[in-house]
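Some notes on the structure that comes next.
Convention: sequence-line order gives letters A, B, ...; per-chain numbering from 1. None of these values were measured; they are calculated from a predicted model.
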2 protein chains.
Amino acid sequence: MKMRIAIVGAGALGLYYGAMLYRSGQEVKFLLRRDYQAVSARGLHVTSPAGDFHLDRVSCVQDSAAMGEADLVLVGLKTFDNNRMVELVLPLMGEDTVILTLQNGLGNEEVLAAAFGAERVMGGVAFLCANRGEPGTVRHLGQGAIRLGEFGKGPSERAGVVASLFNAAGVQCEAVADLVKARWEKLVWNIPFNGLSALTGLTTNRLLAHPPTRRQVTEIMAEVIRAANAQGLSEPIDAVSFIARMFQLTEPMGDYRPSMMIDRLEGRPLELEAIYGIPLEMAAEKGVELVRVRMLHALLEAGEKI
Amino acid sequence: MKMRIAIVGAGALGLYYGAMLYRSGQEVKFLLRRDYQAVSARGLHVTSPAGDFHLDRVSCVQDSAAMGEADLVLVGLKTFDNNRMVELVLPLMGEDTVILTLQNGLGNEEVLAAAFGAERVMGGVAFLCANRGEPGTVRHLGQGAIRLGEFGKGPSERAGVVASLFNAAGVQCEAVADLVKARWEKLVWNIPFNGLSALTGLTTNRLLAHPPTRRQVTEIMAEVIRAANAQGLSEPIDAVSFIARMFQLTEPMGDYRPSMMIDRLEGRPLELEAIYGIPLEMAAEKGVELVRVRMLHALLEAGEKI
């Protein structure tokens, strides 16, 4: 089954998944900014431990009005650009267009649902280590699995169809019944590692090698799990085993620089609302105060706007 | 009454108090490192809102063995140099020499007492805004009051004598009965402001101007007061009024850079053990866990040694 797929927000995530889907035979169009000249002239280059590959004649535009309708819109925008999201997605919407946001944190599906209706919206979390290289190049460093599901409702046939699209493209993808749980599980990793690495300039393995920061990672994860389990998940997250699993997942990543560390090093804004602000609000609404997460948020924000 | 006073550790604090005592007619000798050439050639210059002054023919040495016995040794060493403290003080010790440490944090009196006997040791906290300028110059920015007392016991006549020495030199000084309480009260200011400013690069007024960091300052102060009140003080610290007083004290300081922020900006080590490590241990010994202070310590330490 061939789908018209529009990639909106072509950072490392959008470029990588778009390239994988295109290589698998899907009709993929990219909305590009920084990489437009390079990709339209020379195509898109992917370096990966699974084998580098190059795509010629990649369809890309600088203006989403020129993209045409899509069957599936894959949103990979940085969340600090969410104020532009509806405007960028609008021209792509046909009768049956589905939007899948793979952005970080919480609050993204809500923005899309408010504009286009909840029934159009799916969300997912991506476990991807990738960076942008030179314009026209994306560096896949490892992993890449996706867990996706419907926004505001349980399992659907459609989620299975989209998941098989990714699996057919060589991207491990699972359709989940409880997207809220998947999003919070991802936050258990993102909240400590993104913030601590951005603040200290230390990669994940150095944060884990130093006992005081390792302890902070553990304790912050436990706080996030406490907030998650107050959200009425289909099944609670077991703190001990889940934290152990997060450490097992992180250790082989080596000298990994989380996206927020790279954002800070490169002078971009940080995704603070999606990863800290909204989760803190969701926790507070359930009467859960996250002391360490709030402090981390304050310190990160202090580096941003003052 | 003329006293032979030796200044050991001539950073901004040692230079400023030494200069004030010398100007008041005391016999003051400075142990200098960075400022030795400048001070021996051109004397010591003090800029101050209370009026600049210059001292010619300042007695200074580079080696404490050349200082001779003192009646009073004033220690202003950075606490990360405490491993050199006993060696530096030893040649100054006569029959009745008293040592007064005005260093930051906890654990300094203990080092001196272990080497020279508790009866020789007094401690004090200094509320001084001062920086070193060019070699031979110290910039007094404001304040300067000292609260001092005996180590490990209550009030003494001697504490009153030393206090009047400072008062006669134009330095407001109070002898206190409970040095432990005075040290912890100082930590209520030092623990949030030193750490948060070093970590974020924000001066005190910017930390207070931004609601999330202002909230952190307040909550960290409350944690420190909880630990202080577990130490069996002569009288507990009242959190609400004391925190309000700390804010009143800090706001007029304006764009102030706490010493730890300057240490980090200038690439020096931070006084982490005295201001964070030992207070956290003292709290833990009383069963008090300081969540925010521990996180701040971990983040500061992460910037130091990894």
Side-chain angles (χ1 to χ4, degrees), chain A residues 191-224 226 255 257-258 260-261 264 270 272-273 276-281 284 288-306, chain B residues 191-224 226 255 257-258 260-261 264 267 270 272-273 276-277 279-281 284 288-306:
Chain A
I191 287 180
F193 281 113
N194 271 290
L196 293 173
S197 68
L199 210 53
T200 62
L202 297 176
T203 51
T204 53
N205 59 351
R206 299 179 84 191
L207 289 170
L208 292 181
H210 183 54
T213 44
R214 187 180 181 98
R215 174 175 170 170
Q216 291 301 320
V217 170
T218 309
E219 292 180 352
I220 293 169
M221 285 183 170
E223 279 192 0
V224 179
R226 214 148 37 78
D255 220 23
R257 305 191 308 165
M260 191 170 281
M261 176 179 172
R264 177 144 287 180
L270 307 185
L272 294 185
E273 267 306 286
Y276 296 94
I278 298 174
L280 276 166
E281 275 170 34
V288 179
E289 176 53 25
L290 308 180
V291 170
R292 295 170 186 81
V293 178
R294 189 171 296 281
M295 182 163 161
L296 196 51
H297 185 212
L299 290 170
L300 290 163
E301 222 183 22
E304 292 284 284
K305 21 168 143 163
I306 324 189
Chain B
I191 286 180
F193 282 112
N194 271 290
L196 293 173
S197 68
L199 209 55
T200 62
L202 298 176
T203 51
T204 52
N205 59 351
R206 299 179 85 192
L207 288 170
L208 292 180
H210 184 53
T213 46
R214 187 181 181 98
R215 174 174 172 173
Q216 290 301 320
V217 170
T218 310
E219 292 180 352
I220 292 168
M221 285 183 172
E223 280 192 359
V224 180
R226 214 149 37 79
D255 220 23
R257 304 191 307 165
M260 193 171 281
M261 176 179 173
R264 178 145 286 182
L270 308 186
L272 294 185
E273 267 307 286
Y276 296 93
L280 277 165
E281 274 170 36
V288 179
E289 176 53 26
L290 308 179
V291 170
R292 295 169 186 84
V293 177
R294 190 172 296 280
M295 182 163 161
L296 196 49
H297 186 211
L299 290 169
L300 289 163
E301 222 182 22
E304 293 282 285
K305 19 169 147 166
I306 323 188

Worksheet entry | Gap between atom OG1 of A:Thr200 and atom CD of B:Glu304 - 0.5 Å precision |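 So the CD of B:Glu304 and the OG1 of A:Thr200 are separated by 12.5 Å.
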
Practice prompt. Working to the nearest 0.5 Å, report the span between CZ of A:Arg294 and CZ of B:Arg215.
Written response: 4.0 Å

Worksheet entry | For chain A, the option from B:Leu299, B:Leu199, B:Ile220 that forms the most heavy-atom pairs under 4.5 Å |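 Heavy-atom pair counts peak at B:Leu299.
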
Discussion item. To check you understand the geometry: which heavy-atom pair defines the closest contact between B:Met295 and A:Arg292, and what is its length?
Written reply: CE-O, 3.4 Å

Item to complete: Might you point out which heavy atoms bring B:Leu202 and A:Ala302 nearest each other, and give the distance in Å?
Response: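 What the structure gives for the nearest pair is CD1-CB, 3.6 Å.
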
